[in-house]
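Everything below concerns the one structure shown next.
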Amino acid sequence: MGRKYIDCREFPSESNCTVSISANSDHELLEAAVQHAVAVHGHKDSPELRQELRTLFKEGTPPV
């Protein structure tokens, strides 16, 4: 299994977030992405949030 990532820069927000997160496993990436979404963007941890985040995972590593 290769690395996967999620990149906030791809989603415009009021905070202009520039964080990208990558991991070797879907589980690890999802947990980190949920923590970030809750702590930084004020989302509530829910099954719906987790499902939406999973759909945003991309293969590889985030661009510089």
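Quick caveat: nothing in here was measured; it's all calculated off a predicted structure.
Here OH of Tyr5 is found 11.0 Å from CG of Leu29. Values are rounded to the nearest 0.5 Å. Remark: His36 NE2 to Cys8 SG distance equals 3.5 Å, nearest 0.5 Å. A distance of 5.0 Å separates NE2 of His41 from OG of Ser15, quoted to the nearest 0.5 Å.
Note on Asp26 versus Lys4: salt bridge recorded, some NZ/NE/NH1/NH2 to OD/OE distance being below 4.0 Å.
What you find for Thr55 and Glu52 is that their closest heavy atoms are OG1-O, 2.6 Å. Scanning all heavy atoms of the two residues, the minimum distance from Ile6 to Ala33 falls at CG2-CB, 4.1 Å.
Using a 4.5 Å heavy-atom cutoff, the side chains of Glu48 and Gln51 are not in contact.
Taking the side-chain contact (heavy atoms from CB on, under 4.5 Å) definition, one finds that Thr18 meets it with Arg9, sequence neighbours left out. Residues passing the salt bridge (charged side-chain N to carboxylate O under 4.0 Å, His left out) test with Arg50 are Glu31, Asp45, sequence neighbours excluded.
Criterion: ILVMFWY side-chain heavy atoms under 4.5 Å apart, direct or through other members. Under it, Leu30 and Val40 are not part of a common hydrophobic cluster.
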Step-by-step side-chain contact (heavy atoms from CB on, under 4.5 Å) determination, Val34 to Leu53
CA-CA 8 Å; Val34 167; Leu53 289 172; 3.7 Å; yes

Report, one line per pair, each donor and acceptor closer than 3.5 Å where one atom sits in a side chain of residues 57-64; sequence neighbours left out.
unit_1 : atom_1 : unit_2 : atom_2 : d
Lys58  : NZ     : Glu10  : OE1    : 3.0
Lys58  : NZ     : Glu10  : OE2    : 3.3

